[in-house]
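One structure is given below, encoded as structure tokens.
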Amino acid sequence: MIPQRYSAYAFSFFMSLLMSGIMSLVISLFNVGWVDGIAMIWLKAWAFAFAVAFPTIIAVTPLVRKLVALVVRPD
């Protein structure tokens, strides 16, 4: 198991993995449709998207937390 202090990185990893996979599939299908070889097209797109998504999520998380704090009313 991963220590609790790394939970933000684990969250970012899984969030970026799932979101980049879903979005790259949707965008690949939108752009080329159900063609032969779509699985390889999607997997290449997913690998690239994940390589961008994970560091992006790590970098923008502090900004997103501040933005959320601005728009969410404390109880």
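FYI, side chains are in, hydrogens and waters are out, and symmetry mates aren't considered; it's all heavy atoms of this structure. The first residue in the sequence is number 1, and the count goes up from there.
Two different hydrophobic clusters hold Ile58 and Leu63 under the rule that ILVMFWY side chains link at heavy-atom gaps under 4.5 Å. By the rule that hydrophobic residues join a cluster once side-chain heavy atoms approach within less than 4.5 Å of another member, Trp42 and Trp34 end up as members of one cluster.
Contact check for Asn31 versus Ile41: no side-chain heavy atoms found under the 4.5 Å cut-off. Proximity of Ser28 to Ile38: side-chain heavy atoms (C-beta onward) are separated by under 4.5 Å at one or more points.
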Identify each donor-acceptor pair in which a side-chain atom of residues 65-75 lies under 3.5 Å from a protein atom, sequence neighbours left out, and give them as a table.
none

Ignoring hydrogens and angles, write down the donor-acceptor pairs under 3.5 Å from the side chains of residues 43-55, residues two or more places apart or on other chains.
{"residue": "Trp46", "atom": "NE1", "partner": "Leu17", "partner atom": "O", "Å": "3.1"}
{"residue": "Trp46", "atom": "NE1", "partner": "Ser20", "partner atom": "OG", "Å": "3.1"}

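Heavy-atom minimum distance, Ser12 versus Thr61: OG-OG1, 4.4 Å.
Counted within 6.0 Å of CD1 on Ile2, heavy atoms from surrounding residues, nucleotides or ligands total 12 or fewer; the atom is thus considered open.
Through side-chain heavy atoms spaced under 4.5 Å, either directly or across other Ile, Leu, Val, Met, Phe, Trp or Tyr residues, Met23 is tied to Phe11, Met15, Met19, Ile27, Ile57.
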